[in-house]
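Report on one structure; see the data block that follows.
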Protein chains: 2
Amino acid sequence: MKGNVVIVEDDPLVAAHVGRGVEAHDGLSLVATTGTLAGARELLDRKVDLFILDLGLPDGSGIELIEEIRARGGLEPKILVLSVLGDQDTVLAAVLAGADGYLLKDIDSLDIGQQAADALTGGAPLSPSIAAYVLRHLRRQRDDAKSDDADPPLSPREIELLQLLARGYSNRQAAVALEISPHTIGDHVKSIYRKLRVSNRGEAMVRAFRSGLLRL
Amino acid sequence: MKGNVVIVEDDPLVAAHVGRGVEAHDGLSLVATTGTLAGARELLDRKVDLFILDLGLPDGSGIELIEEIRARGGLEPKILVLSVLGDQDTVLAAVLAGADGYLLKDIDSLDIGQQAADALTGGAPLSPSIAAYVLRHLRRQRDDAKSDDADPPLSPREIELLQLLARGYSNRQAAVALEISPHTIGDHVKSIYRKLRVSNRGEAMVRAFRSGLLRL
DNA sequence: ATTTCAATCCCCCGTTTACGGGGTGATCGC
DNA sequence: GCGATCACCCCGTAAACGGGGGATTGAAAT
């Protein structure tokens with residue numbers, strides 16, 4: 001069974017070139033080509049396995065189309081973005097919206113047929129410079145996530161207690177868990193409140209989260 | 001100026017093949033080949049622009065080497081992983097450790113020279129199936145972050161109140177702010193606790209965060 | 001059309017807990 | 001010695017908690 005491919009591309013030259021690439025590949029079948037978002041929308045109910053999609057279309061951004069396709073659920077065709085836009089925001093928006101691959105148009109040596117086939121079989125063809133954005137973004141997120149506290153340094157004991165409070169422990173329960181007096185728990189709680197500049201449990205938890213003392 | 005390339009690969013056949021690919025490319029200069037982590041470590045002080053790195057080495061995982069290279073800071077050579085290991089955990093570990101690209105060995109049609117050059121110029125060559133992992137991971141993170149509630153849908157009023165509680169409001173203060181009776185605040189708070197299955201403010205805040213009801 | 005339900009609002013009660021202040025002492029590192 | 005941490009204690013007020021009661025509205029289900 002051949003994969004049904006739809007090309008959404010407003011530049012006739014590019015569309016034709018991509019079309020040739022698709023038709024040259026066994027396993028791919030070009031079923032339609034359109035140059036507008038509106039035209040693509042009319043094809044949404046057809047059985048399409050792969051959209052090869054330009055982002056800069058005359059009647060809007062291809063990203064809208066990605067969102068619409070993903071919002072429909074159901075068949076979940078693959079979406080391969082083919083764009084001149086290589087800036088980080090556009091790339092991430094497309095990927096997060098649900099693109100399965102992102103190729104820059106300026107690659108002359110690109111074998112569209114092979115890339116399309118890769119996308120169909122679950123791969124994600126990315127131009128190297130695009131991939132660099134994605135990896136950078138991934139690592140930045142990781143780094144952001146693990147950037148510890150900053151402002152108020154809680155003592156180990158206080159952090160320990162904080163974790164218990166986060167799990168809904170009362171002062172008394174925490175006292176049992178830590179095997180110290182409830183009074184001492186109260187004292188530690190006071191210290192925590194003072195350091196976090198709050199005056200009750202709820203706000204303390206919020207600040208703990210925002211300070212990175214507690215993990216999502 | 002040619003890019004200095006070091007190959008870290010224990011399989012002599014693969015190493016030789018990769019070496020040919022590198023030498024065939026203008027702009028790349030193969031300066032060393034080693035089959036062990038230990039051998040690679042001895043090269044860390046040399047001026048290397050690109051490591052082409054296997055992960056499964058006899059004396060440990062190449063991921064260790066990535067971490068060591070990145071921990072040194074300074075020159076920051078590029079690192080292109082070339083591995084048979086295509087599982088998600090390995091890929092993500094390598095990428096998060098600081099790999100600039102990840103290619104699977106099973107690709108016969110891979111032009112190592114071109115991929116290496118891409119890596120050197122800031123690109124991130126990823127095999128399509130690898131890229132799929134990365135994109136999936138990226139979207140999953142995004143989805144996790146914005147996945148509303150899940151179990152218990154709080155009413156608008158309750159969410160409104162929750163925000164106040166997160167800012168440290170007492171029931172009484174919240175009553176003033178929302179211009180309703182403190183008793184009603186108490187009722188809403190009870191509802192919130194019931195829906196979030198908690199029994200005090202602190203735990204409620206924690207659950208609210210983990211459910212995405214409150215933003216970091 | 002009736003019922004059922006969730007959401008909103010209001011009130012009272014009693015018990016438990018939290019909060020904020022006070023004071024004491026031991027240990028450890030600078 | 002001094003400051004910070006950790007530990008313990010007591011007190012009183014204030015707040016939170018959990019249970020009960022009831023009312024209204026509007027939407028959804030029967």
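Residue numbers start from 1 in every chain, and the chains themselves are labelled A, B, ... in the order their sequence lines are given, proteins ahead of strands.
Separating the CG atom of B:Leu162 from the P atom of C:dA7 is a distance of 15 Å, rounded to the nearest angstrom. In this structure, the CD1 atom of B:Ile180 is 11 Å from the P atom of C:dC11, given to the nearest Å. Rounded to a whole Å, the CG atom of B:Leu165 is 9 Å from the P atom of D:dA16. In this structure, A:Arg172 atom CZ and D:dC8 atom P are separated by 15 Å, rounded to whole Å. Atom CZ of B:Arg194 is separated from atom P of D:dC17 by 15 Å (rounded to the nearest Å). If you take CG of B:Asp187 and P of D:dG19, they are 13 Å apart, rounded to a whole angstrom.
If you check every strand for non-hydrogen atoms under 4.0 Å, B:Ser170 touches sugar and phosphate atoms only. Contact annotation for A:Ser181: backbone-only contact, meaning every heavy-atom pair under 4.0 Å involves sugar-phosphate atoms and none involves a base. Backbone-only contact: B:Ser199 has heavy atoms under 4.0 Å from sugar-phosphate atoms and none from a base.
With respect to A:Lys105 and A:Glu9, a salt bridge is recorded, a charged nitrogen being found less than 4.0 Å from a carboxylate O. Salt bridge B:Glu203/B:Arg197: absent, no basic N to carboxylate O contact under 4.0 Å.
Residue B:Arg201 places none of its side-chain N or O atoms closer than 4.0 Å to OP1 or OP2 of C:dA18. The phosphate of C:dG20 (OP1 or OP2) has no side-chain N or O of A:Tyr193 nearer than 4.0 angstrom. Taking 4.0 angstrom as the limit, A:Asn171 places a side-chain polar atom (N or O) nearer than this to OP1 or OP2 of C:dA18.
With hydrogens and angles disregarded, no donor-acceptor distance shorter than 3.5 Å links the side chain of A:Ser127 to the backbone of A:Ile130.
Donor-acceptor pairing under 3.5 Å, judged by distance alone, is absent between the side chain of B:Asn200 and the base of D:dC17.
Residue-to-nucleotide proximity on DNA chain C shows that, of B:His183 and A:Tyr169, the 5′-proximal contact is made by B:His183.
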